[in-house]
Asks: 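This is the structure I have questions about; it appears just below.
For ligands, and for the atoms within them, numbers begin at 1 and follow the listed sequence. Since we're looking at a predicted model, the values are computed, not measured.
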Amino acid sequence: MYIIGEKINGMFKKVNQAIKEKNSNFIKELVQQQLEAGADALDVNVGPESTNPLEDMKWLISTIKEVTNVPLAIDTTKPEIMEEGLKLAGEGSFINSTYADDEKLEIYIPLAKKYNAKLIALTISQTGVPQDTSGKMELVSNIIQKCLECEYNIENLYIDPVILPINVSQQNAIAVLEVIQQIKLISNPPPKTLLGLSNISQGTKYRSLIDRTYVTLALAFGLDSAILNPLDSELMNSIITAELLLGKQLYCESFLDAYRKKIELKN
Ligand code: THG
């Protein structure tokens, strides 16, 4: 599974403070830790409390770029900030994210093409977040149709079927799994699937247990990638083991260690 580290997000109090104080060492440390833990890419979000989100996003990206060249997922709802972020982050970045409405897709698909970026599209529209499988799939169809019209490579499209906290909607968690499975049948080549995993356990007890159990289910349904906390080693062990059991990794006696070594070599 392709892992995008979630930690560079102003939603976390300490990160918010580091952004305010322009504490680049704190950010760089968090980058290193996530990469060492196995992240393939990093999500970057200035958080809801930023008073200067454009400047903060530019500062975060430049700070991260001093340490690594892994792809960044630029996590903002503002197209101006997205474009400045894409300029700084370079090719292979992720646009995180667009809604499924035509007006939004008509902004973000051309942006993705211009900067050779991957595009994360949410199954959310101006009318809200469908919590049932068919409502989500309807939005998936619209996203794919627009990408085909605009000649955007579907292999660079990541559909996010939108996880809600399990204490808000149990129905939604089941629908997300069904969508992950059905997306693979909708076009050839199919788009990829992505989740913001930690959403599932927000506000609950046993967060890590809920995260690692749900990701295991999602992998069985065919999930390709997730934004998650790579510093949760039990979560990472569950992912590696689920991939082994699903035949995506070769078995060996020390499969956990072997997988980690491969990650170290890769970075
Ligand atoms: N899809 C896409 N992008 C996303 C999400 C998604 N980006 C943001 C988010 N969801 C994924 N990242 C996080 C990061 C942190 C948390 C959840 C998801 C989290 N934060 C603690 C909380 O809210 O309880 C913060 C607590 C603290 O201050 O320490 O759980 O779904 N495409």
Asks: Which protein non-hydrogen atom lies closest to atom 2 (C) of ligand 1, naming both residue and atom, and how far is it?
Replies: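 It is Asp160 OD2, 3.2 Å.
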
Asks: Taking Asp160 first and then Lys136, would you say they form a salt bridge - that is, a charged N and a carboxylate O separated by under 4.0 Å?
Replies: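 Here Asp160 does not pair with Lys136 in a salt bridge, since their nearest N and O are not under 4.0 Å apart.
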
Asks: Please verify the inter-ring angle class for Tyr158 with Tyr2; under 30° counts as parallel, over 60° as perpendicular, anything in between as tilted.
Replies: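 Tilted.
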
Asks: What's the shortest distance from atom 16 (C) of ligand 1 to any protein heavy atom, and which residue and atom give it?
Replies: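 Checking every protein heavy atom, the shortest distance to atom 16 (C) of ligand 1 gives Met11 SD, 3.6 Å.
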
Asks: If you measure only the distance, is there a donor-acceptor pair under 3.5 Å linking the side chains of Asp211 and Asn229?
Replies: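 Short answer, no.
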
Asks: Under a plain distance cut-off of 3.5 Å, with no hydrogens placed, do Gln131 and Ser169 share a side-chain donor-acceptor pair?
Replies: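 Checked: Ser169/Gln131 side chains pair up, N/O donor to acceptor below 3.5 Å.
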
Asks: Report the nearest protein non-hydrogen atom to atom 13 (C) of ligand 1: residue, atom name, distance rounded to 0.1 Å.
Replies: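 That would be Glu6 OE1, 3.6 Å.
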
Asks: Asn199 heavy atoms, cut-off 4.0 Å: which ligand 1 atoms fall inside?
Replies: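 What qualifies from ligand 1 is 6 (C), 9 (C), 10 (N), 11 (C), 18 (C), 31 (O).
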
Asks: Could you tell me which atoms of ligand 1, counted from 1 in the order shown, lie closer than 4.0 angstrom to a heavy atom of Ser198?
Replies: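 Selected atoms, number and element: 17 (C), 18 (C).
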
Asks: Give the numbers and elements of all ligand 1 atoms closer than 4.0 Å to a heavy atom of Lys13.
Replies: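 Counting atoms of ligand 1 from 1, those under 4.0 Å from Lys13 are 28 (O).
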
Asks: If the test is salt bridge (charged side-chain N to carboxylate O under 4.0 Å, His left out), which one of Lys78, Lys22, Lys20 qualifies with Asp56?
Replies: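 Checked Lys78, Lys22, Lys20 against Asp56; only one passes salt bridge (charged side-chain N to carboxylate O under 4.0 Å, His left out): Lys22.
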
Asks: Taking the six-membered ring of Phe26, is NZ or CZ of Lys14 closer than 6.0 Å to its centre and within 45° of its axis?
Replies: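 Geometry flag: not set, cation outside 6.0 Å or 45°.
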
Asks: Any atom of ligand 1 sitting under 4.0 Å from a heavy atom of Asn45?
Replies: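 Outside the 4.0 Å threshold, so no.
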
Asks: If we only consider heavy atoms of Arg207, is any one of them less than 4.0 Å away from an atom in ligand 1?
Replies: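 Under 4.0 Å: yes for Arg207.
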
Asks: Which residue and atom name correspond to the protein heavy atom nearest atom 3 (N) of ligand 1, and how close is it?
Replies: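 Closest protein heavy atom to atom 3 (N) of ligand 1: Asn96 ND2, 3.1 Å.
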
Asks: Looking only at the side chains, is there a donor atom on one of Asn69 and Lys65 sitting less than 3.5 Å from an acceptor on the other?
Replies: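 The criterion, which ignores hydrogens and geometry beyond distance, is satisfied for Lys65 and Asn69.
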
Asks: If two hydrophobic side chains count as joined below 4.5 Å and joins carry through other members, does Val129 share a cluster with Tyr214?
Replies: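 The answer is no; the residues belong to distinct hydrophobic clusters.
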
Asks: Can you list the atoms of ligand 1 that are under 4.0 Å from a heavy atom of Ile227?
Replies: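 Heavy-atom distances to Ile227 below 4.0 Å select 2 (C), 3 (N), 4 (C), 32 (N).
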
Asks: Quick one: which ligand 1 atoms are inside 4.0 Å of a heavy atom on Ile120?
Replies: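 Numbered from 1, ligand 1 contributes 32 (N).
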
Asks: Hey, is ligand 1 close enough to Ser97 that some N/O pair sits below 3.5 Å?
Replies: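 In fact, backbone or side chain, Ser97 has no N or O that close.
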
Asks: Under 4.0 angstrom from ligand 1, any heavy atom of Ile163?
Replies: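 Contact check Ile163 vs ligand 1: negative.
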
Asks: Counting non-hydrogen protein atoms only, what is the nearest one to atom 7 (N) of ligand 1? Give residue, atom name and distance.
Replies: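 Sorting protein heavy atoms by distance from atom 7 (N) of ligand 1 puts Asp75 OD2, 2.8 Å first.
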
Asks: Looking at Glu138, Gln181, Glu178, which hits side-chain hydrogen bond (donor to acceptor under 3.5 Å, both in side chains) with Thr133?
Replies: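 Single side-chain hydrogen bond (donor to acceptor under 3.5 Å, both in side chains) partner of Thr133 among Glu138, Gln181, Glu178: Glu178.
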
Asks: For residues Glu6 and Ser198, is any side-chain donor paired with an opposing acceptor at under 3.5 Å?
Replies: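 Indeed, the side chains of Glu6 and Ser198 share at least one donor-acceptor pair under 3.5 Å.
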
Asks: Tell me: protein heavy atom nearest atom 23 (O) of ligand 1, and distance?
Replies: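 I find the closest protein heavy atom is Gln202 NE2, 3.0 Å.
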
Asks: Look at atom 29 (O) of ligand 1 and say which protein heavy atom is nearest, naming residue and atom and giving the distance to 0.1 Å.
Replies: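 Looking only at protein heavy atoms, the one closest to atom 29 (O) of ligand 1 is Phe12 CD2, 3.4 Å.
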
